[in-house]
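Below is one structure, written out as structure tokens, with a few remarks after it.
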Amino acid sequence: MKLVRLAAFIPILSVLLLSVMLPEAAAVDIVPSEPRKVMRVAGDNNFPPFEFVANGTFQGFNVDMLNALSLETGTSFEFYPMPWSEAIKALESGKVDAIQGMKYSQERAQNYRFSEPYFTSSQGIFVRKDSYSVHSLTDLQNRKIAVQEGDISSEAMQRIPNATVLAAENQEEAIRLLLGGQVDAFIGNQITGQYVLQKKPPAGPGEAGRRSDRPDGLWPGRTQEE
């Protein structure tokens, strides 16, 4: 199946259920021996469709997964939605017991204990419709790139020489930087990026009211079979 809207995929990531900071992780069981244990869980407040706040309610696929787990195990989950970078800090400082939806990498596995994976998701390179020269990570050398602060994409950036990185609070803000011409590309979650663009295309500086013949205003670049 051909996937468009992305210049390229970065096939390195899987989205996982929970991760807990070591060494505290050894004391936390996802399936506790005592019923009705309360676990404090941080999550991204703007990462649709996985987790986001809408009409004052924290919702999305990740939230539904934990609610279902609560019914099966008797564990109660208290959700603390916040910007992703703050969620990571909350976990590291012990303000929460776990963080949902963190992607796995060997670097992260040195500090966190991950659950079994429950969803596979790709990262992608988003470019503007009028960009014809970006097809892979190697094409991003000496360019400005937006990423979400604390996102796994920061690890990919380490492989790009002389790239200038702009960290945004969430992926919607990063896409707005791209559409506004402030960066040359955005690296982020494929599903979230397409969701944001289809639901409410962000209008960056110079872009308000201007619509391309594509619903997302982006150039797909090279497609890849999946």
Side-chain angles (χ1 to χ4, degrees), residues 5-10 12-16 19 21 42-53 60 62 80-93 95-96 99-112 121-128 131 134 136-197 200-207 216-218:
R5 305 178 193 277
L6 300 177
F9 289 108
I10 307 170
I12 57 174
L13 307 175
S14 292
V15 179
L16 302 182
S19 60
M21 189 72 177
D44 194 327
N45 63 358
N46 192 5
F47 189 62
F50 299 102
E51 50 192 25
F52 57 98
V53 175
N62 292 340
Y80 295 85
M82 60 188 75
W84 180 247
S85 60
E86 294 183 15
I88 294 176
K89 294 176 183 178
L91 177 62
E92 294 176 348
S93 65
K95 294 180 180 179
V96 296
I99 189 170
Q100 64 180 9
M102 175 178 277
K103 303 175 185 71
Y104 176 87
S105 71
Q106 292 183 350
E107 181 177 332
R108 284 178 166 178
Q110 297 177 11
N111 298 314
Y112 304 94
S121 179
S122 297
Q123 297 289 96
I125 302 172
F126 290 74
V127 296
R128 290 172 56 87
S131 176
V134 176
S136 66
L137 285 175
T138 56
D139 297 324
L140 295 176
Q141 298 182 37
N142 304 306
R143 297 179 185 267
K144 293 182 179 180
I145 306 165
V147 299
Q148 181 179 14
E149 186 176 359
D151 186 70
I152 194 73
S153 299
S154 298
E155 294 183 16
M157 298 303 302
Q158 298 174 8
R159 306 199 299 268
I160 306 175
N162 303 317
T164 300
V165 180
L166 276 68
E169 181 174 291
N170 52 62
Q171 302 210 18
E172 180 179 348
E173 180 182 328
I175 290 174
R176 185 177 294 111
L177 292 174
L178 173 62
L179 294 181
Q182 295 167 263
V183 296
D184 301 303
F186 154 61
I187 300 180
N189 185 272
Q190 170 212 342
I191 295 175
T192 297
Q194 290 181 317
Y195 184 98
V196 169
L197 288 166
K200 48 177 181 179
E207 292 289 330
D216 53 19
L218 302 184

* After noting the C-alpha distance and the side-chain angles of L140 and L137, does the key distance pass the side-chain contact (heavy atoms from CB on, under 4.5 Å) rule? -> CA-CA 5 Å; L140 295 176; L137 285 175; 4.1 Å; yes
* To do: Applying side-chain contact (heavy atoms from CB on, under 4.5 Å), run through N189 and Q148 and close with a yes or a no.
  => CA-CA 10 Å; N189 185 272; Q148 181 179 14; over 6 Å; no
* Asked: So I145 and I125, side-chain contact (heavy atoms from CB on, under 4.5 Å) or not? Walk me through it.
  -> CA-CA 10 Å; I145 306 165; I125 302 172; over 6 Å; no
* To do: Assess whether side-chain contact (heavy atoms from CB on, under 4.5 Å) is satisfied between I88 and M102, documenting all intermediate values.
  => CA-CA 9 Å; I88 294 176; M102 175 178 277; 4.2 Å; yes
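Side-chain contact between N45 and N170 is absent, with no heavy-atom pair separated by less than 4.5 Å. Proximity of T164 to K144: side-chain heavy atoms (C-beta onward) are separated by under 4.5 Å at one or more points. The closest side-chain heavy-atom distance from N46 to V196 is not below 4.5 Å.
Separating the CD1 atom in I191 from the OG atom in S122 is a distance of 7.5 Å, to the nearest 0.5 Å. One finds the CD1 atom of I160 at 10.5 Å from the CZ atom of R143 (value rounded to the nearest 0.5 Å). The distance from atom CZ of F126 to atom CD1 of I175, rounded to the nearest 0.5 Å, is 5.5 Å. Here the CD-CG distance, from E149 to D151, works out to 11.0 Å after rounding to the nearest 0.5 Å. One distance of note links CG of N62 with CG of D44; it measures 9.5 Å at 0.5 Å rounding. The structure places OG of S93 at 11.0 Å from CD of E86, a figure rounded to the nearest 0.5 Å.
Here the closest heavy-atom approach between residue G43 and residue Q100 is recorded as CA-CG, 4.2 Å. When all heavy atoms are compared, the tightest approach of M82 to A90 is SD-CB, 4.1 Å. Residues Q123 and S153 come closest through the heavy atom pair NE2-OG, 2.7 Å. Shortest non-hydrogen contact noted between K103 and R108 is O-NH1, 3.0 Å. Contact between G150 and W84 at its shortest, heavy atoms only, is O-NE1, 3.1 Å. Taking both residues in full, the closest heavy atoms of F52 and F47 are given as CB-N, 4.1 Å, listed atom of the first, atom of the second, then distance.
Applying the 6.0 Å contact sphere to CD of Q106 captures no more than 12 heavy atoms from other residues, nucleotides or ligands.
The closest side-chain donor-acceptor pair between Y112 and E92 falls under 3.5 angstrom. Side-chain atoms of D184 and S131 include no donor-acceptor pair closer than 3.5 Å. Between the side chains of Q171 and T192, no donor-acceptor pair of N or O atoms lies under 3.5 Å.
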